[in-house]
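Worksheet: the structure to be examined is printed underneath.
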Amino acid sequence: MRWSRYFLPTMKDTPAEAQIASHRFMLRAGMVRQNTAGIYTWLPMGLKVLSKIADIVRDEQARAGANEVLMPTIQSAELWQESGRFDAYGPEMLRFEDRHGRTMLYGPTNEEMITDIFKRDVQSYKNLPMNLYHIQWKFRDEVRPRFGVMRGREFLMKDGYSFDVDKEAAELAYKKVFISYLRTFRRLGLTAIPMQADTGPIGGDLSHEFLIQAETGESEVFFDSAISGDPAFTEDLTSDAELEAAFDRLTSAYARTDETHEASLFDAEVPEDRKVVSRGVEVGHIFYFGTKYSEPLGATVSNAGGKDVPVHMGSYGIGVSRLVGGIIEANHDDDGIVWPAEIAPFGVGIINLKVDDAACSAACDDLYAQATAAGLDPLLDDRDMRPGGKFADMELIGLPWVITIGPRGLKEGMAELKNRRTGEKHDVAVADVLGRLAAG
RNA sequence: CGGGCUGUAGCGCAGCCUGGUAGCGCGUUCGUCUGGGGGACGAGAGGUCGCGGGUUCGAACCCCGCCAGCCCGACCA
(Lines give C-alpha, C1' and ligand atoms only; values in the text may rest on other atoms or scores of the structure.)
Protein backbone atom coordinates (compact mmCIF):
# COMPACT_ATOMS: atom_id res chain seq x y z
CA MET A 1 0.00 0.00 0.00
CA ARG A 2 1.15 3.50 -0.79
CA TRP A 3 0.48 5.87 2.06
CA SER A 4 -0.52 8.61 -0.37
CA ARG A 5 -3.44 6.47 -1.48
CA TYR A 6 -4.39 5.08 1.90
CA PHE A 7 -6.84 6.70 4.31
CA LEU A 8 -4.56 6.81 7.32
CA PRO A 9 -5.15 10.13 9.04
CA THR A 10 -2.59 10.54 11.81
CA MET A 11 -2.72 13.24 14.45
CA LYS A 12 0.05 15.04 16.21
CA ASP A 13 -2.13 16.24 19.06
CA THR A 14 -4.02 13.89 21.32
CA PRO A 15 -7.77 14.44 21.48
CA ALA A 16 -8.74 15.51 24.99
CA GLU A 17 -11.04 12.58 25.64
CA ALA A 18 -8.36 9.91 25.26
CA GLN A 19 -6.94 9.04 28.64
CA ILE A 20 -5.09 5.78 28.22
CA ALA A 21 -2.29 4.80 25.86
CA SER A 22 -4.25 2.47 23.60
CA HIS A 23 -7.06 4.98 23.13
CA ARG A 24 -4.64 7.82 22.43
CA PHE A 25 -2.67 5.81 19.92
CA MET A 26 -5.69 4.36 18.18
CA LEU A 27 -6.99 7.87 17.57
CA ARG A 28 -3.63 9.37 16.69
CA ALA A 29 -2.70 6.48 14.40
CA GLY A 30 -5.97 6.88 12.51
CA MET A 31 -7.38 3.48 13.45
CA VAL A 32 -10.75 4.54 14.84
CA ARG A 33 -12.98 7.57 15.20
CA GLN A 34 -15.62 7.88 17.88
CA ASN A 35 -19.17 8.48 16.70
CA THR A 36 -20.88 8.69 20.07
CA ALA A 37 -20.15 7.43 23.57
CA GLY A 38 -18.68 3.95 23.31
CA ILE A 39 -19.39 3.56 19.58
CA TYR A 40 -16.64 3.73 16.99
CA THR A 41 -16.00 3.71 13.27
CA TRP A 42 -13.05 1.56 12.26
CA LEU A 43 -10.84 3.26 9.70
CA PRO A 44 -8.83 1.16 7.22
CA MET A 45 -5.78 0.41 9.34
CA GLY A 46 -7.81 -0.26 12.47
CA LEU A 47 -10.14 -2.52 10.53
CA LYS A 48 -7.18 -4.37 9.09
CA VAL A 49 -5.85 -5.17 12.55
CA LEU A 50 -9.32 -6.09 13.78
CA SER A 51 -9.71 -8.48 10.86
CA LYS A 52 -6.32 -10.05 11.47
CA ILE A 53 -7.25 -10.74 15.07
CA ALA A 54 -10.60 -12.19 14.01
CA ASP A 55 -8.84 -14.40 11.46
CA ILE A 56 -6.49 -15.80 14.08
CA VAL A 57 -9.44 -16.49 16.35
CA ARG A 58 -11.21 -18.24 13.45
CA ASP A 59 -8.17 -20.28 12.65
CA GLU A 60 -7.88 -21.49 16.23
CA GLN A 61 -11.60 -22.16 16.49
CA ALA A 62 -11.35 -24.36 13.42
CA ARG A 63 -8.38 -26.17 14.94
CA ALA A 64 -10.46 -26.78 18.06
CA GLY A 65 -13.26 -28.23 15.96
CA ALA A 66 -15.79 -25.42 16.22
CA ASN A 67 -18.12 -24.49 13.34
CA GLU A 68 -18.60 -20.86 12.37
CA VAL A 69 -22.09 -19.45 11.95
CA LEU A 70 -23.39 -15.89 11.89
CA MET A 71 -26.35 -14.94 14.00
CA PRO A 72 -28.08 -11.57 13.73
CA THR A 73 -27.39 -8.54 15.89
CA ILE A 74 -31.10 -7.86 16.38
CA GLN A 75 -33.16 -10.41 18.26
CA SER A 76 -36.78 -10.81 19.16
CA ALA A 77 -37.52 -10.62 22.88
CA GLU A 78 -39.52 -13.87 22.80
CA LEU A 79 -36.71 -16.35 23.44
CA TRP A 80 -35.40 -14.14 26.19
CA GLN A 81 -38.80 -14.17 27.83
CA GLU A 82 -38.78 -17.97 27.65
CA SER A 83 -35.38 -18.25 29.29
CA GLY A 84 -36.35 -15.71 31.91
CA ARG A 85 -33.45 -13.45 31.09
CA PHE A 86 -35.53 -10.71 29.51
CA ASP A 87 -36.36 -9.46 32.98
CA ALA A 88 -33.16 -10.64 34.62
CA TYR A 89 -30.80 -8.79 32.27
CA GLY A 90 -30.69 -5.21 33.43
CA PRO A 91 -30.81 -1.90 31.58
CA GLU A 92 -27.56 -2.86 29.86
CA MET A 93 -29.66 -4.61 27.28
CA LEU A 94 -30.89 -2.24 24.61
CA ARG A 95 -34.58 -2.87 23.97
CA PHE A 96 -36.85 -1.27 21.41
CA GLU A 97 -39.96 -1.92 19.34
CA ASP A 98 -40.37 -2.51 15.66
CA ARG A 99 -43.20 -0.92 13.67
CA HIS A 100 -45.58 -3.71 14.67
CA GLY A 101 -45.00 -3.06 18.33
CA ARG A 102 -42.96 -6.24 18.82
CA THR A 103 -40.27 -5.98 21.43
CA MET A 104 -36.79 -6.35 19.97
CA LEU A 105 -33.33 -6.11 21.38
CA TYR A 106 -29.79 -5.60 20.16
CA GLY A 107 -28.11 -8.79 21.31
CA PRO A 108 -25.65 -8.55 24.19
CA THR A 109 -25.00 -12.31 23.82
CA ASN A 110 -26.60 -15.25 22.06
CA GLU A 111 -27.26 -18.22 24.36
CA GLU A 112 -31.00 -18.28 23.74
CA MET A 113 -30.69 -17.88 20.01
CA ILE A 114 -28.07 -20.58 19.54
CA THR A 115 -30.04 -22.93 21.76
CA ASP A 116 -33.08 -22.39 19.58
CA ILE A 117 -31.05 -22.99 16.41
CA PHE A 118 -29.60 -26.14 17.90
CA LYS A 119 -32.83 -27.69 19.05
CA ARG A 120 -34.51 -27.44 15.66
CA ASP A 121 -31.99 -29.67 13.93
CA VAL A 122 -30.21 -31.79 16.50
CA GLN A 123 -32.08 -34.57 18.21
CA SER A 124 -29.48 -37.26 18.87
CA TYR A 125 -26.39 -37.63 21.01
CA LYS A 126 -24.76 -39.03 17.88
CA ASN A 127 -24.40 -35.50 16.55
CA LEU A 128 -22.52 -34.45 19.64
CA PRO A 129 -20.21 -33.00 20.74
CA MET A 130 -20.92 -29.80 18.84
CA ASN A 131 -19.40 -26.37 19.16
CA LEU A 132 -20.83 -23.43 17.22
CA TYR A 133 -19.45 -19.91 17.28
CA HIS A 134 -19.79 -16.62 15.53
CA ILE A 135 -17.93 -13.35 15.45
CA GLN A 136 -20.52 -10.62 15.60
CA TRP A 137 -21.15 -7.14 16.93
CA LYS A 138 -22.77 -6.96 20.32
CA PHE A 139 -24.27 -4.09 22.21
CA ARG A 140 -24.28 -3.56 25.94
CA ASP A 141 -25.52 -0.21 27.09
CA GLU A 142 -22.76 0.40 29.62
CA VAL A 143 -23.51 3.19 32.03
CA ARG A 144 -20.09 4.59 31.54
CA PRO A 145 -18.19 3.60 28.42
CA ARG A 146 -14.50 4.52 28.53
CA PHE A 147 -11.00 3.60 27.46
CA GLY A 148 -11.88 3.67 23.76
CA VAL A 149 -12.58 0.26 22.27
CA MET A 150 -11.56 -1.46 25.50
CA ARG A 151 -14.90 -0.68 26.98
CA GLY A 152 -17.22 0.44 24.27
CA ARG A 153 -20.93 -0.16 24.15
CA GLU A 154 -20.80 -1.72 20.71
CA PHE A 155 -18.08 -4.33 20.46
CA LEU A 156 -17.01 -7.25 18.31
CA MET A 157 -17.00 -10.54 20.13
CA LYS A 158 -16.37 -14.14 19.30
CA ASP A 159 -18.92 -16.14 21.23
CA GLY A 160 -18.96 -19.90 21.00
CA TYR A 161 -21.37 -22.44 22.43
CA SER A 162 -20.76 -26.10 23.17
CA PHE A 163 -23.40 -28.85 23.29
CA ASP A 164 -22.86 -32.20 24.96
CA VAL A 165 -24.94 -35.11 26.10
CA ASP A 166 -23.89 -34.99 29.74
CA LYS A 167 -21.91 -33.06 32.28
CA GLU A 168 -18.75 -35.10 31.88
CA ALA A 169 -18.60 -34.57 28.13
CA ALA A 170 -19.45 -30.89 28.58
CA GLU A 171 -16.60 -30.42 31.00
CA LEU A 172 -14.19 -31.93 28.54
CA ALA A 173 -15.47 -29.51 25.91
CA TYR A 174 -14.88 -26.68 28.38
CA LYS A 175 -11.32 -27.81 29.01
CA LYS A 176 -10.60 -28.03 25.30
CA VAL A 177 -11.69 -24.46 24.79
CA PHE A 178 -9.70 -23.40 27.81
CA ILE A 179 -6.52 -24.83 26.30
CA SER A 180 -7.30 -23.54 22.80
CA TYR A 181 -7.59 -20.05 24.23
CA LEU A 182 -4.04 -20.23 25.52
CA ARG A 183 -2.86 -20.89 22.00
CA THR A 184 -5.09 -18.23 20.50
CA PHE A 185 -3.77 -15.53 22.80
CA ARG A 186 -0.22 -16.71 22.33
CA ARG A 187 -0.55 -16.16 18.57
CA LEU A 188 -1.76 -12.67 19.30
CA GLY A 189 1.47 -12.01 21.18
CA LEU A 190 -0.20 -12.11 24.59
CA THR A 191 0.04 -14.13 27.75
CA ALA A 192 -3.52 -14.27 29.03
CA ILE A 193 -3.74 -15.82 32.45
CA PRO A 194 -6.86 -17.84 33.24
CA MET A 195 -8.46 -16.81 36.52
CA GLN A 196 -11.31 -18.18 38.52
CA ALA A 197 -14.37 -16.05 37.79
CA ASP A 198 -17.83 -15.22 38.96
CA THR A 199 -20.39 -16.50 36.56
CA GLY A 200 -22.37 -13.26 36.39
CA PRO A 201 -25.56 -12.81 34.36
CA ILE A 202 -24.69 -15.64 31.96
CA GLY A 203 -25.07 -18.05 34.87
CA GLY A 204 -23.44 -21.37 35.63
CA ASP A 205 -21.02 -22.98 38.02
CA LEU A 206 -17.66 -23.30 36.24
CA SER A 207 -16.10 -20.19 34.81
CA HIS A 208 -12.74 -18.65 34.01
CA GLU A 209 -11.66 -15.24 32.80
CA PHE A 210 -8.52 -14.72 30.73
CA LEU A 211 -6.63 -11.58 31.65
CA ILE A 212 -3.62 -9.85 30.22
CA GLN A 213 -1.54 -7.71 32.50
CA ALA A 214 -1.82 -3.95 31.90
CA GLU A 215 -1.49 -0.94 34.15
CA THR A 216 -4.81 0.40 32.97
CA GLY A 217 -6.71 -2.83 33.41
CA GLU A 218 -10.12 -2.60 35.04
CA SER A 219 -9.56 -5.49 37.43
CA GLU A 220 -7.06 -6.01 40.15
CA VAL A 221 -5.48 -9.43 39.76
CA PHE A 222 -3.74 -11.76 42.19
CA PHE A 223 -1.83 -14.78 41.02
CA ASP A 224 1.04 -17.16 41.53
CA SER A 225 3.91 -16.19 39.22
CA ALA A 226 4.60 -19.89 38.69
CA ILE A 227 1.54 -20.03 36.43
CA SER A 228 2.97 -17.95 33.63
CA GLY A 229 5.86 -20.39 33.30
CA ASP A 230 3.56 -23.35 32.67
CA PRO A 231 4.42 -25.18 29.44
CA ALA A 232 0.74 -25.03 28.42
CA PHE A 233 1.38 -21.41 27.43
CA THR A 234 4.08 -22.33 24.95
CA GLU A 235 3.54 -25.94 23.91
CA ASP A 236 0.75 -27.54 21.94
CA LEU A 237 -1.09 -30.32 23.68
CA THR A 238 -2.53 -33.13 21.67
CA SER A 239 -4.05 -35.88 23.79
CA ASP A 240 -7.04 -35.40 26.06
CA ALA A 241 -4.93 -36.68 28.94
CA GLU A 242 -2.26 -33.99 28.41
CA LEU A 243 -4.93 -31.39 28.05
CA GLU A 244 -6.72 -32.36 31.24
CA ALA A 245 -3.44 -32.43 33.14
CA ALA A 246 -2.60 -28.92 31.95
CA PHE A 247 -6.07 -27.73 32.84
CA ASP A 248 -5.72 -29.15 36.34
CA ARG A 249 -2.32 -27.53 36.86
CA LEU A 250 -3.45 -24.13 35.68
CA THR A 251 -6.74 -24.08 37.54
CA SER A 252 -5.38 -25.38 40.82
CA ALA A 253 -2.79 -22.62 41.09
CA TYR A 254 -3.98 -19.39 42.67
CA ALA A 255 -5.18 -16.85 40.09
CA ARG A 256 -8.10 -14.59 40.87
CA THR A 257 -9.44 -11.15 40.15
CA ASP A 258 -10.69 -8.79 42.82
CA GLU A 259 -14.15 -10.30 42.32
CA THR A 260 -13.18 -13.68 43.72
CA HIS A 261 -9.95 -12.87 45.57
CA GLU A 262 -9.55 -14.21 49.10
CA ALA A 263 -6.54 -12.75 50.86
CA SER A 264 -6.20 -15.55 53.42
CA LEU A 265 -6.19 -18.20 50.71
CA PHE A 266 -3.68 -16.21 48.65
CA ASP A 267 -1.37 -16.00 51.66
CA ALA A 268 -1.73 -19.68 52.44
CA GLU A 269 -1.23 -21.01 48.94
CA VAL A 270 1.37 -18.73 47.38
CA PRO A 271 4.89 -18.17 48.69
CA GLU A 272 5.66 -14.50 49.23
CA ASP A 273 8.21 -14.26 46.40
CA ARG A 274 5.77 -15.68 43.85
CA LYS A 275 2.86 -13.41 44.67
CA VAL A 276 1.87 -11.12 41.83
CA VAL A 277 -0.57 -8.31 42.52
CA SER A 278 -1.27 -6.35 39.39
CA ARG A 279 -3.99 -5.11 37.09
CA GLY A 280 -5.47 -6.87 34.12
CA VAL A 281 -7.71 -6.51 31.10
CA GLU A 282 -10.20 -9.29 30.55
CA VAL A 283 -9.95 -10.56 26.99
CA GLY A 284 -11.80 -13.84 27.31
CA HIS A 285 -14.44 -15.41 29.50
CA ILE A 286 -15.71 -18.99 29.47
CA PHE A 287 -18.62 -20.64 31.25
CA TYR A 288 -20.06 -24.08 31.77
CA PHE A 289 -23.70 -23.64 32.68
CA GLY A 290 -25.20 -27.08 32.15
CA THR A 291 -28.89 -27.08 31.29
CA LYS A 292 -29.66 -23.52 32.32
CA TYR A 293 -30.94 -22.62 28.85
CA SER A 294 -31.61 -26.02 27.32
CA GLU A 295 -34.25 -26.84 29.95
CA PRO A 296 -36.47 -23.76 29.66
CA LEU A 297 -36.04 -23.67 25.87
CA GLY A 298 -36.61 -27.41 25.46
CA ALA A 299 -33.32 -28.30 23.77
CA THR A 300 -33.09 -32.02 24.33
CA VAL A 301 -31.33 -34.93 22.63
CA SER A 302 -31.84 -38.67 22.85
CA ASN A 303 -29.03 -40.28 24.78
CA ALA A 304 -27.55 -43.74 24.20
CA GLY A 305 -30.34 -45.25 26.29
CA GLY A 306 -33.01 -43.70 24.03
CA LYS A 307 -34.07 -41.18 26.68
CA ASP A 308 -34.52 -37.46 25.95
CA VAL A 309 -32.21 -35.30 28.06
CA PRO A 310 -31.53 -31.59 28.03
CA VAL A 311 -28.13 -30.78 26.46
CA HIS A 312 -25.29 -29.56 28.62
CA MET A 313 -23.92 -26.28 27.37
CA GLY A 314 -21.06 -23.92 27.81
CA SER A 315 -20.32 -20.52 26.29
CA TYR A 316 -16.99 -19.04 25.39
CA GLY A 317 -16.23 -15.43 24.64
CA ILE A 318 -13.27 -13.55 23.24
CA GLY A 319 -13.45 -9.75 23.09
CA VAL A 320 -12.13 -9.25 19.58
CA SER A 321 -12.44 -5.46 19.38
CA ARG A 322 -11.31 -5.10 22.96
CA LEU A 323 -8.19 -7.09 22.09
CA VAL A 324 -7.04 -4.35 19.72
CA GLY A 325 -6.85 -2.00 22.68
CA GLY A 326 -5.52 -4.67 24.99
CA ILE A 327 -2.70 -5.60 22.65
CA ILE A 328 -1.69 -1.95 22.35
CA GLU A 329 -1.77 -1.55 26.13
CA ALA A 330 0.68 -4.43 26.33
CA ASN A 331 2.75 -3.33 23.32
CA HIS A 332 3.63 0.36 23.10
CA ASP A 333 6.22 2.93 24.09
CA ASP A 334 6.22 6.72 24.32
CA ASP A 335 6.37 7.10 20.55
CA GLY A 336 3.50 4.82 19.63
CA ILE A 337 2.33 1.30 19.03
CA VAL A 338 4.71 -1.69 18.75
CA TRP A 339 2.72 -4.38 16.93
CA PRO A 340 3.41 -8.07 17.46
CA ALA A 341 4.40 -9.40 14.03
CA GLU A 342 1.39 -11.59 13.40
CA ILE A 343 -1.21 -8.84 13.70
CA ALA A 344 0.81 -5.84 12.49
CA PRO A 345 -1.26 -4.00 9.87
CA PHE A 346 1.69 -4.10 7.47
CA GLY A 347 4.81 -6.22 7.60
CA VAL A 348 7.27 -3.45 6.87
CA GLY A 349 7.25 0.30 6.38
CA ILE A 350 9.35 1.89 3.68
CA ILE A 351 10.15 5.57 4.09
CA ASN A 352 10.99 7.53 0.97
CA LEU A 353 12.83 10.50 2.40
CA LYS A 354 12.73 12.61 -0.72
CA VAL A 355 9.91 11.89 -3.12
CA ASP A 356 10.98 14.43 -5.71
CA ASP A 357 14.38 12.81 -6.07
CA ALA A 358 14.03 10.50 -9.07
CA ALA A 359 16.69 8.02 -8.00
CA CYS A 360 15.38 7.82 -4.46
CA SER A 361 11.80 7.26 -5.58
CA ALA A 362 12.88 4.67 -8.14
CA ALA A 363 14.79 2.76 -5.45
CA CYS A 364 11.77 2.90 -3.14
CA ASP A 365 9.38 1.75 -5.85
CA ASP A 366 11.68 -1.10 -6.69
CA LEU A 367 12.02 -2.19 -3.08
CA TYR A 368 8.27 -1.84 -2.63
CA ALA A 369 7.65 -4.16 -5.58
CA GLN A 370 10.10 -6.71 -4.22
CA ALA A 371 8.63 -6.59 -0.73
CA THR A 372 5.15 -7.00 -2.17
CA ALA A 373 6.26 -9.97 -4.23
CA ALA A 374 7.84 -11.48 -1.13
CA GLY A 375 4.49 -11.30 0.64
CA LEU A 376 5.70 -8.75 3.18
CA ASP A 377 2.69 -6.46 2.68
CA PRO A 378 4.72 -3.21 2.79
CA LEU A 379 3.46 0.29 3.45
CA LEU A 380 5.41 2.82 1.39
CA ASP A 381 5.44 6.34 2.76
CA ASP A 382 5.51 8.23 -0.52
CA ARG A 383 4.00 11.42 0.86
CA ASP A 384 5.74 14.71 0.16
CA MET A 385 6.59 15.50 3.75
CA ARG A 386 9.67 16.35 5.66
CA PRO A 387 11.61 13.44 7.21
CA GLY A 388 10.74 14.27 10.80
CA GLY A 389 7.03 13.83 10.26
CA LYS A 390 7.51 10.60 8.39
CA PHE A 391 9.67 9.09 11.09
CA ALA A 392 7.25 10.15 13.79
CA ASP A 393 4.23 8.77 11.92
CA MET A 394 5.99 5.48 11.25
CA GLU A 395 6.87 5.06 14.92
CA LEU A 396 3.31 5.93 15.85
CA ILE A 397 1.72 3.24 13.68
CA GLY A 398 4.24 0.73 14.97
CA LEU A 399 5.12 -1.55 12.05
CA PRO A 400 7.70 -4.16 13.11
CA TRP A 401 10.32 -3.08 10.56
CA VAL A 402 11.08 0.21 8.87
CA ILE A 403 13.36 0.63 5.88
CA THR A 404 14.48 4.19 5.22
CA ILE A 405 15.83 5.24 1.86
CA GLY A 406 17.18 8.72 1.19
CA PRO A 407 19.46 10.32 -1.38
CA ARG A 408 22.39 10.48 0.99
CA GLY A 409 22.61 6.76 1.74
CA LEU A 410 21.52 5.79 -1.74
CA LYS A 411 24.71 7.30 -3.20
CA GLU A 412 26.54 4.49 -1.44
CA GLY A 413 23.76 2.02 -2.28
CA MET A 414 22.69 1.88 1.36
CA ALA A 415 19.36 1.88 3.19
CA GLU A 416 18.62 1.87 6.89
CA LEU A 417 16.78 -1.04 8.49
CA LYS A 418 15.22 -0.42 11.86
CA ASN A 419 13.53 -2.79 14.27
CA ARG A 420 10.61 -0.98 15.89
CA ARG A 421 10.63 -3.01 19.08
CA THR A 422 14.33 -2.95 19.89
CA GLY A 423 15.13 0.32 18.15
CA GLU A 424 18.19 -1.28 16.57
CA LYS A 425 19.28 0.39 13.34
CA HIS A 426 21.62 -0.98 10.72
CA ASP A 427 22.89 0.41 7.44
CA VAL A 428 22.39 -2.31 4.88
CA ALA A 429 22.95 -2.43 1.15
CA VAL A 430 19.63 -1.80 -0.59
CA ALA A 431 20.04 -5.08 -2.45
CA ASP A 432 20.38 -6.99 0.82
CA VAL A 433 17.82 -5.26 2.99
CA LEU A 434 14.91 -7.65 2.48
CA GLY A 435 17.15 -10.64 3.07
CA ARG A 436 18.42 -9.07 6.24
CA LEU A 437 14.86 -8.40 7.37
CA ALA A 438 13.83 -11.99 6.71
CA ALA A 439 16.77 -13.15 8.84
CA GLY A 440 15.37 -11.14 11.74
C1' C B 1 -26.97 6.09 38.56
C1' G B 2 -24.39 9.59 42.52
C1' G B 3 -20.30 13.39 42.49
C1' G B 4 -17.29 16.73 39.44
C1' C B 5 -15.79 19.08 34.79
C1' U B 6 -16.06 20.59 29.64
C1' G B 7 -18.58 22.14 24.87
C1' U B 8 -15.25 28.37 20.55
C1' A B 9 -12.07 26.13 12.86
C1' G B 10 -10.04 19.12 11.51
C1' C B 11 -6.84 18.66 16.49
C1' G B 12 -4.99 21.25 20.98
C1' C B 13 -6.51 25.70 23.32
C1' A B 14 -7.19 31.34 24.74
C1' G B 15 -11.19 34.86 24.98
C1' C B 16 -16.22 34.61 29.26
C1' C B 17 -14.95 37.14 35.50
C1' U B 18 -15.59 43.16 33.75
C1' G B 19 -21.24 42.35 27.15
C1' G B 20 -19.26 46.09 21.81
C1' U B 21 -14.97 43.88 14.78
C1' A B 22 -14.01 35.74 16.88
C1' G B 23 -8.31 34.80 18.13
C1' C B 24 -3.51 31.64 18.81
C1' G B 25 -0.52 27.03 17.79
C1' C B 26 -0.67 22.69 14.81
C1' G B 27 -3.02 20.81 10.51
C1' U B 28 -4.97 22.27 5.58
C1' U B 29 -4.65 25.07 0.22
C1' C B 30 -1.25 27.88 -3.22
C1' G B 31 3.82 29.73 -4.04
C1' U B 32 9.16 30.04 -3.01
C1' C B 33 13.31 28.23 -0.44
C1' U B 34 14.17 23.60 1.75
C1' G B 35 15.03 18.25 2.72
C1' G B 36 18.36 12.08 7.39
C1' G B 37 13.83 13.26 13.34
C1' G B 38 7.16 17.25 13.19
C1' G B 39 11.78 23.60 8.85
C1' A B 40 11.34 28.96 7.12
C1' C B 41 8.95 32.97 4.56
C1' G B 42 4.66 34.91 1.92
C1' A B 43 -0.52 34.54 0.54
C1' G B 44 -5.37 31.99 1.42
C1' A B 45 -9.49 28.83 2.93
C1' G B 46 -12.00 27.26 7.08
C1' G B 47 -16.62 29.24 12.75
C1' U B 48 -25.09 28.98 13.10
C1' C B 49 -18.89 30.15 19.61
C1' G B 50 -23.38 22.57 21.51
C1' C B 51 -29.06 23.69 21.11
C1' G B 52 -33.39 26.60 22.72
C1' G B 53 -35.27 30.60 25.35
C1' G B 54 -34.53 35.14 28.30
C1' U B 55 -32.10 40.00 29.80
C1' U B 56 -29.94 44.04 26.80
C1' C B 57 -29.44 49.06 21.86
C1' G B 58 -26.02 44.90 21.48
C1' A B 59 -24.61 38.11 24.08
C1' A B 60 -19.11 33.35 22.79
C1' C B 61 -19.42 36.34 27.41
C1' C B 62 -24.92 37.43 32.03
C1' C B 63 -29.62 34.28 33.47
C1' C B 64 -32.91 29.77 32.77
C1' G B 65 -33.72 25.12 30.42
C1' C B 66 -32.06 21.16 27.44
C1' C B 67 -28.43 18.11 24.78
C1' A B 68 -23.69 15.99 24.16
C1' G B 69 -18.89 14.47 25.72
C1' C B 70 -15.20 13.54 29.56
C1' C B 71 -13.29 12.30 34.64
C1' C B 72 -13.95 9.77 39.83
C1' G B 73 -17.16 6.16 42.08
C1' A B 74 -20.75 2.00 41.78
C1' C B 75 -21.31 -1.45 37.47
C1' C B 76 -19.36 -4.22 33.26
C1' A B 77 -16.65 -8.81 27.55
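All values below come from the heavy atoms of this structure, side chains included, with hydrogens, waters and symmetry mates left out.
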message = What is the separation between atom OH on A:Y40 and atom P on B:C70, rounded to the nearest whole Å?
response = 7 Å

Carboxylate-amine/guanidinium contact A:R183 A:D236, below 4.0 Å = yes

request  = Kindly indicate whether the side chain of A:R33, heavy atoms from C-beta on, has any atom under 4.5 Å from the side chain of A:P9.
outcome  = yes

query = Given that both distances must come in under 3.5 Å, which nucleotide forms a Watson-Crick or G-U wobble pair with B:G2?
reply = B:C72

message = Suppose you measure atom P in B:G37 against the same atom in B:G20; what distance do you get, rounded to whole Å?
response = 47 Å

query = Salt-bridged, A:E142 to A:R153, with N to O below 4.0 Å?
reply = no

request  = Look at A:R256 together with A:E262 and state whether they make a salt bridge at an N to O cut-off of under 4.0 Å.
outcome  = yes

task = Have a look at A:G152 and say if it touches a base, only the backbone sugar-phosphate, or nothing, with a 4.0 Å heavy-atom cut-off.
result = base

inquiry  = Using a 4.0 Å heavy-atom cut-off to protein, can you give one letter per nucleotide of nucleotides 35-47 of chain B, 5' to 3': B if the base is in contact, S if only the sugar-phosphate is, - if neither?
reply    = BBBBB--------

inquiry  = Using the side chain to side chain donor-acceptor pair (under 3.5 Å) definition, which of the options A:E111, A:R85, A:E112, A:E82 pairs with A:Y293?
reply    = A:R85

OP1 or OP2 of B:C72 under 4.0 Å from side-chain N/O of A:R144 = yes

message = Tell me whether the side-chain N/O atoms of A:Q19 come closer than 4.0 Å to OP1 or OP2 in B:C72.
response = no

query = Which whole number of Å gives the distance between the P atom of B:A14 and that of B:G3?
reply = 26 Å

query = Does the ring of A:Y288 carry A:K167 above it, NZ/CZ under 6.0 angstrom from centre and within 45° of its axis?
reply = no

B:U8 and B:C24, which share atom name C1', separated by this distance in whole Å = 12 Å

remark   = OG (A:S278) and CD (A:E215) are apart, to the nearest 0.5 Å, by 6.5 Å

message = Please give the distance between the C1' atoms of B:A22 and B:U48 as a whole number of Å.
response = 14 Å

task = Could you give the distance separating B:C61 and B:C16 at their P atoms, to the nearest angstrom?
result = 12 Å

Inter-nucleotide P distance (B:C49, B:A60), Å rounded = 7 Å

Side-chain N or O of A:S321 closer than 4.0 Å to phosphate OP1/OP2 of B:A77 = no

key: Side-chain-base donor-acceptor pair under 3.5 Å for A:R151 and B:C75   = yes

